[in-house]
Amino acid sequence: MVCFNLQTIIQQKKDNYQNQTGVFLDALGQEQIIYYRICRIIAKLLVREGGSLNLLNQVLKSNMVDIIFIYGLTFFLIGVAIYLKYIGDSSFKMASSLKFLAWFGIIHGMAEWGDVFVPVQAAYLDSYTIFLMRIGQMSMDALSFTILFYFGVELGSKTFNWRRAVVVIPGVAFLLWLALLLNNYYTLGTTQPEHWLRHGDILARYLLGFPGALVSGIVLLAQKADLTTKLERSEVLKNLTGASVSLILYAVASGLVVPSEHFIFADLINTSWFFATFRFPVQIVRTVCGLGILYNTLGLLKIFDWERHRRLEEAERKQAVLQERERFARDLHDGIIQSIYAIGLNVENSIFLIDENPNQAQTVLSTVMDKLSGIVNEIRAYILNLRPLQLQDKGLRQRVTDLITEFKANSLIAVDFNMEDDQAVDSLSTVKVDHLYHIVQEALSNILRHAASTSVKVKVGLDCGELRLLISDNGRGFEPAANPSKLDPAAEQQGLRNMAERVQAMHGNLEIKSIVGQGTEIKAKIPLEGGQGDAGEY
């Protein structure tokens with residue numbers, strides 16, 4: 001505005017001195033002359049030659065093929081990405097509906113590529129063949145919008161409990177589009193095929209594209225409640241919002257901004273009006289919306305990775321429980337039940353000895369009482385082993401604390417427990433917490449049943465990116481195997497083998513030191529995620 005105001009002033013001065021050009025320039029002064037010439041150059045660029053806006057227009061027009069190709073590629077990638085991540089049996093409401101969004105992306109991308117490849121074929125094929133190719137491209141576009149529409153109403157019927165009859169609306173809209181298209185063919189198709197094709201494109205966008213993208217965006221946004229109840233991660237909600245907003249903007253840019261034609265509202269809101277208003281083609285907005293849908297859809301699809309990981313953890317937890325149950329059953333059968341059966345025989349034998357040899361009967365009963373005391377301790381250990389089923393929702397610190405509290409109550413053995421207060425310990429995965437808990441549990445159970453110790457030490461700490469677990473006692477000790485993981489499953493040291501397997505499952509190392517008459521020390525070194533552990537000592 002300053003430039004043009006200055007030009008007006010200069011023009012007035014020029015009129016006053018129109019016959020005295022030299023006087024005119026001298027009267028302005030050197031600085032005003034330079035400023036005048038700069039404004040003349042700017043005015044030429046902006047008014048006469050179109051300036052940067054015309055330059056931008058020329059750049060966009062010359063690269064419109066590339067823009068359309070990227071636009072089609074964006075939607076094609078949306079469909080491919082969904083199919084690569086799609087989980088049909090997911091618990092999320094939108095999972096089973098995403099296949100329709102995938103088909104929309106693939107078909108719509110291929111339809112848009114028609115604007116790139118059909119003109120190339122025009123140089124080699126006759127006009128009738130090109131006309132048929134254009135009809136196929138238009139039909140694919142309409143079909144893709146129909147599938148997008150169906151995605152929205154199908155997901156909406158599950159989200160808002162709409163009547164099942166609602167899902168036929170996209171099909172009815174497609175049949176209406178087809179009927180109107182065929183009707184117009186007899187009035188325009190044979191005489192003005194270009195107008196007929198544009199009419200078909202406009203109808204597809206009004207009847208299918210706009211409502212399909214709008215409903216899909218709104219219904220997709222409504223999935224926030226479902227995701228919030230099943231996920232603890234908030235970043236995916238941002239992707240959900242981004243995908244929804246991109247779809248709604250796409251509904252406007254692709255469904256309402258149509259080719260220019262004297263048809264319905266196309267002569268008011270169209271691609272020419274959009275360019276005249278915003279000075280860039282609407283294809284740019286559609287491409288940006290497509291990129292927004294693609295980016296946020298990729299982020300949204302992470303929910304299936306998290307769900308798959310959660311299911312894997314649950315399967316591993318169930319497998320661990322089944323293995324523990326099998327071990328309990330085997331140990332109970334081979335140990336406690338056989339001992340009780342032997343005690344029963346001794347008691348039955350002592351009944352006959354009471355009259356014949358009271359002293360021997362007393363000796364047998366004394367032995368029976370000692371065996372019963374041992375069985376009671378073993379049963380307490382098994383009760384201790386069954387406790388994890390009640391602790392699955394607790395972290396490692398709380399679970400081990402509860403385990404040690406119960407161990408001390410059942411055994412009256414002093415326990416020195418120390419766990420480092422660190423976020424890395426508190427944020428361990430559920431699978432690692434289960435493994436570590438069962439290692440401590442197995443060690444305490446063995447101490448209670450076999451060690452005859454008076455004190456126990458349990459320590460959990462961090463060192464050089466590794467989690468270090470130490471369990472030691474001052475009991476009777478034993479002769480440990482060189483490699484606990486190679487023990488015979490039927491041997492008495494099956495518990496040590498189980499601990500070694502759990503440590504190996506976490507890619508760690510287990511070290512067992514035991515001296516007969518002096519006690520046992522168990523060390524486990526577990527690498528944390530991304531940790532660079534070494535073989536250092538506590």
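No hydrogens, no waters, no symmetry mates; every other heavy atom, side chains included, goes into these values.
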Can you find a heavy atom in the side chain of [X] that is under 4.5 Å from one in the side chain of [Y]?
{"X": "Tyr83", "Y": "Ile106", "value": "yes"}
{"X": "Phe263", "Y": "Leu203", "value": "yes"}
{"X": "Met94", "Y": "Leu101", "value": "no"}
{"X": "Val288", "Y": "Leu249", "value": "no"}
{"X": "Leu403", "Y": "Gln441", "value": "yes"}
{"X": "Val503", "Y": "His435", "value": "no"}
{"X": "Val257", "Y": "Asn270", "value": "no"}
{"X": "Ile135", "Y": "Ser139", "value": "yes"}

Ser144/Glu112 under side chain to side chain contact (heavy atoms under 4.5 Å, CB included): CA gap, chis, key distance, verdict: CA-CA 11 Å; Ser144 68; Glu112 291 300 325; over 6 Å; no

Would you confirm whether Ser216, through its side chain, and Leu148, through its main-chain N or O, come within 3.5 Å as a donor-acceptor pair?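 Yes, the answer is positive, given that a donor and an acceptor are paired below the 3.5 Å cut-off.
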
Exam field: side chain Trp196 to backbone Tyr186, donor-acceptor pair closer than 3.5 Å: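 Answer holds: no.
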
Of the non-hydrogen atoms in [X] and [Y], which two are nearest, and what is the gap between them?
{"X": "Ser96", "Y": "Lys99", "answer": "O-NZ, 2.5 Å"}
{"X": "Ala165", "Y": "Val168", "answer": "O-CG2, 2.8 Å"}
{"X": "Tyr437", "Y": "Arg399", "answer": "CE1-O, 3.4 Å"}
{"X": "Ala111", "Y": "Met140", "answer": "CB-CB, 3.8 Å"}
{"X": "Lys158", "Y": "Ser97", "answer": "NZ-OG, 3.0 Å"}
{"X": "Phe304", "Y": "Ala95", "answer": "CE2-CB, 3.8 Å"}

Within 6.0 angstrom of [X] [atom1], more than 12 heavy atoms from elsewhere:
{"X": "Lys302", "atom1": "NZ", "value": "no"}
{"X": "Tyr295", "atom1": "OH", "value": "no"}
{"X": "Met110", "atom1": "CE", "value": "no"}
{"X": "Phe117", "atom1": "CZ", "value": "yes"}

Evaluation steps, side chain to side chain contact (heavy atoms under 4.5 Å, CB included), between Ile284 and Ile67: CA-CA 7 Å; Ile284 298 294; Ile67 295 173; 3.5 Å; yes

Electrostatic pair [X]-[Y], nearest N-O below 4.0 angstrom:
{"X": "Arg311", "Y": "Glu307", "answer": "yes"}
{"X": "Glu420", "Y": "Arg468", "answer": "no"}
{"X": "Asp305", "Y": "Arg308", "answer": "yes"}

Can a side-chain donor-acceptor contact be found between Lys224 and Ser244 if the only test is distance below 3.5 angstrom?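 The answer is no; no qualifying pair exists.
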
Do Asp141 and Gln137 have side-chain atoms, one donor and one acceptor, less than 3.5 Å apart?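 On atom types as modelled, these side chains do not qualify, holding no pair under 3.5 Å.
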
From [atom1] ([X]) to [atom2] ([Y]), nearest 0.5 Å:
{"X": "Leu132", "Y": "Asp126", "atom1": "CG", "atom2": "CG", "value": "8.5 Å"}
{"X": "Leu300", "Y": "Leu98", "atom1": "CG", "atom2": "CG", "value": "7.0 Å"}
{"X": "Leu197", "Y": "Ile202", "atom1": "CG", "atom2": "CD1", "value": "11.0 Å"}
{"X": "Leu220", "Y": "Ile293", "atom1": "CG", "atom2": "CD1", "value": "9.5 Å"}
{"X": "Leu467", "Y": "Lys525", "atom1": "CG", "atom2": "NZ", "value": "12.5 Å"}
{"X": "Leu143", "Y": "Leu208", "atom1": "CG", "atom2": "CG", "value": "9.5 Å"}

Working for side chain to side chain contact (heavy atoms under 4.5 Å, CB included), residues Val282 and Phe275: CA-CA 7 Å; Val282 72; Phe275 181 81; over 6 Å; no

Would you tabulate the side-chain donor-acceptor contacts of residues 71-82 under 3.5 Å, counting partners in other chains and residues two or more places apart, or write 'none'?
{"residue": "Tyr71", "atom": "OH", "partner": "His108", "partner atom": "NE2", "Å": "3.0"}
{"residue": "Tyr71", "atom": "OH", "partner": "Tyr250", "partner atom": "OH", "Å": "2.8"}
{"residue": "Thr74", "atom": "OG1", "partner": "Ile70", "partner atom": "O", "Å": "2.7"}

Results of ring pair (Phe, Tyr, Trp, His ring centres under 6.0 Å) for Tyr124 - residues two or more places apart only: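 So Tyr124 forms no ring pair (Phe, Tyr, Trp, His ring centres under 6.0 Å) with any residue.
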
So which of Ile169, Leu155, Val219 actually passes side-chain contact (heavy atoms from CB on, under 4.5 Å) with Trp162?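 Of all the options given, the one that passes is Val219.
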
Check the orientation of Phe131 and Tyr128. Use parallel for under 30°, tilted for 30 to 60°, and perpendicular for over 60°.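 Phe131 and Tyr128: tilted rings.
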
Could you walk me through whether Leu428 and Leu528 pass the side chain to side chain contact (heavy atoms under 4.5 Å, CB included) check? CA-CA 8 Å; Leu428 289 171; Leu528 298 174; 3.6 Å; yes

How far apart are the C-alpha atoms of Phe100 and Trp103, what are their side-chain angles, what is the distance that settles it, and do they pass the ring-ring contact (aromatic ring centres under 6.0 Å, His included) test? CA-CA 5 Å; Phe100 300 111; Trp103 277 113; 9.6 Å; no

